[in-house]
Amino acid sequence: MTVPKKLFIKTYGCQMNVYDSERMAEALGGQGYVETTSQDDADMILLNTCHIREKAAEKVYSELGRLRGLKEANPNLKIGVAGCVAQAEGAEIMRRQPLVDLVVGPQSYHRLPELEAKTRLGETALDTDFPEEDKFEKLAARPKAKRGPAAFLTVQEGCDKFCAFCVVPYTRGSEVSRPVERILTEARDLVERGVREITLLGQNVNAYHGAGSDGADWSLARLIWALNDVDGLERIRFTTSHPNDMSDDLIEAHVSCPKLMPYLHLPVQSGSDRILKRMNRSHTAEQYLRLIERLRTARPDMHLSGDFIVGFPEETEQDFQDTLALVEAVQYGSAFSFKYSTRPGTPAAERAQVSEAEKADRLLRLQTLLTHQQRALQNAMVGRDVGVLFERPGRQPGQMVGKSDYMHAVHVQGDSVAPGDLRRVRIVSSSTNSLAGELLD
Ligand code: SAH
Ligand code: SF4
Ligand code: F3S
């Protein structure tokens, strides 16, 4: 019997990278690799990278530097760089860090087995094409191994929006939607393996328009309704959405589709019309607020989440105040906020930059407000009854941890609960990052 080779994957960046890492592990499974949780005994280390901000990209080079010792100790160790840094920098990575054997962009993962074989011959391998074929169909079928209750499923990839700050349209390419039937097949397969909640992923997931089995173009809402009929699947979520693609049928699904959860990540980036225009977001703050109002009218308990950038080129204190005002108006259940980071090759990189000190100051003020909102909304859950999908044991004996319908982390004491159980829970207290509850049924 051949001894399996060990694969260690380190994942950076967004949820799509998490999904891609799973699929890459499966693709290399066909080459005799099994995943290991320790890089020390690995035969291949893959860094699945993110290019969204300068810090994210630089992390990759410091991590590669740290791997030098391992490579010297084990000449058979192969080191690969995948993901968005691979796409953006390509062969430059090998020039800057010669210990790298393999560079593969996000659209070429299905070619990993050939690329790996090349490295075993002592050559380097590079593939950053945007090939015609559908990588998902070329990848090995997902093995039938059991898995946790929550999973990601990529349905759409790429972006045609070209926000002036963002590298994604360059690293992931233009928008492509996977056909409906293939998504449904993958979803049924995940359910067979123990999955109860699926988060549909796309860089612009609500711009999804995939070919349906009836030959028609299906919207994301229609896809969600089809998933709603998959037996054994309990919950559906989707991320990330763009405000301009928040169609009526999707808002309606949030009202009447039983498995679709009342949580929406809807980034706005800024509350200033001047900045939104310069960002090329193609909507105003007012349009975003009206959309939120429609969503909340349709589904009053909807929890909203957002992304913000502070210190975008030419952002003034007044622009920043407009962002704070928008945040006040929306009341976010959770949010992510970042200092603008200059990305070479994007339009905003050429413009007048805001000072680092100013960015740091605005980020602190924005995060203070967002944290305050988040805590207040979380505290308001105390006394309410919610559905919780349990995922794993907690730190205390007898404790189980799961996610509420609204994405809060919730823990209960109870030996009768197992991962994968969806139970009604009464929330009894709220602490910094989680809620404590009591089982109701
Ligand atoms: N497709 C999604 C998100 C893509 S990237 C969307 O349209 O919202 C995730 C987040 O990273 C963005 O929402 C934005 O807030 C942040 N981001 C992207 N580029 C950035 C940059 N150059 N500097 C700082 N933050 C950035
Ligand atoms: Fe980037 Fe904008 Fe596309 Fe989102 S919509 S991925 S922020 S270009
Ligand atoms: Fe990063 Fe690429 Fe995702 S740049 S955020 S890993 S799409």
Side-chain angles (χ1 to χ4, degrees), residues 10-21 24 47-60 81-89 104-107 109 128 152 154 156-176 201-208 238-246 264-271 275-276 278-283 288 304-313 315 323 332 334-351 353-354 356 359-360 362-363 366-367 370:
K10 188 160 181 177
T11 307
Y12 302 83
C14 62
Q15 290 134 321
M16 199 170 287
N17 267 8
V18 175
Y19 175 84
D20 286 344
S21 290
M24 285 195 281
L47 306 183
N48 192 9
T49 61
C50 174
H51 201 243
I52 202 84
R53 284 168 287 274
E54 192 179 351
K55 258 202 195 127
E58 280 309 310
K59 249 189 225 163
V60 177
V81 177
C84 290
V85 175
Q87 190 62 47
E89 299 190 1
V104 59
Q107 303 310 335
Y109 294 153
T128 52
F152 295 129
T154 294
Q156 180 276 339
E157 202 171 350
C159 180
D160 299 336
K161 298 272 193 295
F162 291 91
C163 299
F165 50 81
C166 184
V167 293
V168 172
Y170 311 97
T171 62
R172 293 277 168 168
S174 52
E175 286 176 9
V176 177
L201 297 182
Q203 261 93 32
N204 271 306
V205 72
N206 57 346
Y208 175 87
F238 60 89
T239 197
T240 295
S241 299
H242 192 285
N244 289 359
D245 294 314
M246 209 58 219
L264 182 66
H265 183 59
L266 197 64
V268 64
Q269 316 297 353
S270 167
I275 294 299
L276 285 169
R278 283 171 164 70
M279 285 179 164
N280 193 30
R281 288 290 292 184
S282 56
H283 60 76
Y288 180 83
L304 285 157
S305 149
D307 287 344
F308 296 89
I309 295 178
V310 298
F312 184 77
E315 185 188 71
T323 298
Y332 288 95
S334 73
F336 305 89
S337 44
F338 314 97
K339 287 190 270 187
Y340 168 72
S341 170
T342 311
R343 308 311 290 130
T346 59
E350 311 299 324
R351 303 183 194 155
Q353 304 292 314
V354 171
E356 193 51 37
K359 285 186 203 172
R362 287 179 194 166
L363 186 67
L366 175 60
Q367 289 187 338
L370 287 166

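Each ligand, and each atom within it, is numbered from 1 in the order the structure gives. Position 1 is the first residue of the sequence; numbering continues from there. These figures come from a predicted structure and were not determined experimentally.
Side chain of N206 to backbone of H242: a donor-acceptor contact under 3.5 angstrom is found. In this structure, N48 contributes its side chain and D20 its backbone to no donor-acceptor pair below 3.5 Å. A distance-only check finds no donor-acceptor pair linking the side chain of R281 to the backbone of S270 [under 3.5 Å]. Side-chain N or O atoms of Q203 include none that pairs as donor or acceptor with a backbone N or O of E157 at under 3.5 Å. Here the side chain of Q353 pairs a donor or acceptor atom with the backbone of R351 at under 3.5 angstrom. Side chain of K339 to backbone of E356: no donor-acceptor contact under 3.5 angstrom is found. Looking only at distances, no side-chain donor or acceptor of E175 sits under 3.5 Å from a matching main-chain atom of Q156.
If you check which protein heavy atom lies closest to atom 3 (Fe) of ligand 2, you get C159 SG, 2.2 Å. Atom 11 (O) of ligand 1 has as its closest protein heavy atom R53 NH1, 3.2 Å. The nearest heavy-atom contact from the protein to atom 8 (S) of ligand 2 is C163 N, 3.3 Å.
Listed by number with element, the atoms of ligand 1 under 4.0 angstrom from any heavy atom of R281 are 7 (O). Applying the 4.0 Å criterion to heavy atoms of F165 picks out, from ligand 2, the atoms 7 (S). Listed by number with element, the atoms of ligand 1 under 4.0 angstrom from any heavy atom of Q203 are 1 (N), 2 (C). The atoms of ligand 3 that sit less than 4.0 Å from any heavy atom of N17 are 6 (S). Those atoms of ligand 2 that come under 4.0 Å of a heavy atom in H242, given as number and element, are 5 (S). Those atoms of ligand 1 with a heavy atom of K339 less than 4.0 angstrom away are 23 (N), 24 (C). The C166 neighbourhood of ligand 2 comprises atoms 1 (Fe), 6 (S), 7 (S), 8 (S), with distances under 4.0 Å to a heavy atom of that residue. Atom numbering of ligand 1 starts at 1 in the shown order; those under 4.0 Å from a heavy atom of D307 are 9 (C), 10 (C), 12 (C), 13 (O), 15 (O). Of all the atoms in ligand 3, the ones that sit under 4.0 Å from a non-hydrogen atom of C50 are 1 (Fe), 4 (S), 5 (S), 6 (S). For ligand 2, the atoms sitting less than 4.0 Å from at least one non-hydrogen atom of F162 are 8 (S), numbered in the order shown with element in parentheses. The C84 neighbourhood of ligand 3 comprises atoms 2 (Fe), 4 (S), 6 (S), 7 (S), with distances under 4.0 Å to a heavy atom of that residue. Which parts of ligand 2 touch R281 is read off a 4.0 Å heavy-atom cut-off, strictly below it: atoms 2 (Fe), 7 (S).
Between S337 and L363, the closest side-chain pair of non-hydrogen atoms falls below 4.5 Å. Side-chain contact between E89 and T49 is absent, with no heavy atoms from C-beta onward closer than 4.5 Å.
Backbone and side-chain nitrogen or oxygen atoms of Y340 are examined, and none is located within less than 3.5 angstrom of a nitrogen or oxygen of ligand 1. Residue H242 has no nitrogen or oxygen atom sitting less than 3.5 Å from a nitrogen or oxygen atom of ligand 1, judged on distance alone. Considering backbone and side-chain atoms together, S341 places an N or O closer than 3.5 Å to an N or O of ligand 1.
Within the coordination shell of atom 2 (Fe) of ligand 3, defined by N, O or S atoms under 2.8 Å, C14 is absent.
Heavy-atom proximity to atom 4 (S) of ligand 3, evaluated over H51, E157, Q15, is greatest for H51. Nearest to atom 7 (S) of ligand 3 by heavy atom, out of Q203, M16, R53, is Q203.
Annotation: the span from L201 atom CG to T239 atom OG1 amounts to 7.5 Å, rounded to 0.5 Å. Taken from CD1 in I309 to CZ in R362, the straight-line distance is 13.5 Å, to the nearest 0.5 Å. N17 CG to L47 CG: the interatomic distance, rounded to the nearest 0.5 Å, is 11.5 Å.
With a 4.0 Å cut-off on non-hydrogen atoms, P169 touches ligand 2 through its side chain and not its backbone. Of all the heavy atoms of P267, the ones lying under 4.0 Å from any atom of ligand 1 belong exclusively to the side chain. Under 4.0 angstrom from ligand 1, the non-hydrogen atoms of F338 all belong to its side chain. Only the side chain of I309 comes within contact range of ligand 1, with a heavy atom under 4.0 Å; no backbone atom does.
For the pair R278 and F312, the cation-pi criterion (under 6.0 Å, within 45° of the ring axis) is not fulfilled.
Under the 6.0 Å cut-off for aromatic ring centres, F338 and F165 do not qualify, their centroids lying 6.0 Å or more apart.
Counting only N and O atoms by type, the side chains of E54 and S341 include no donor and acceptor under 3.5 Å apart.
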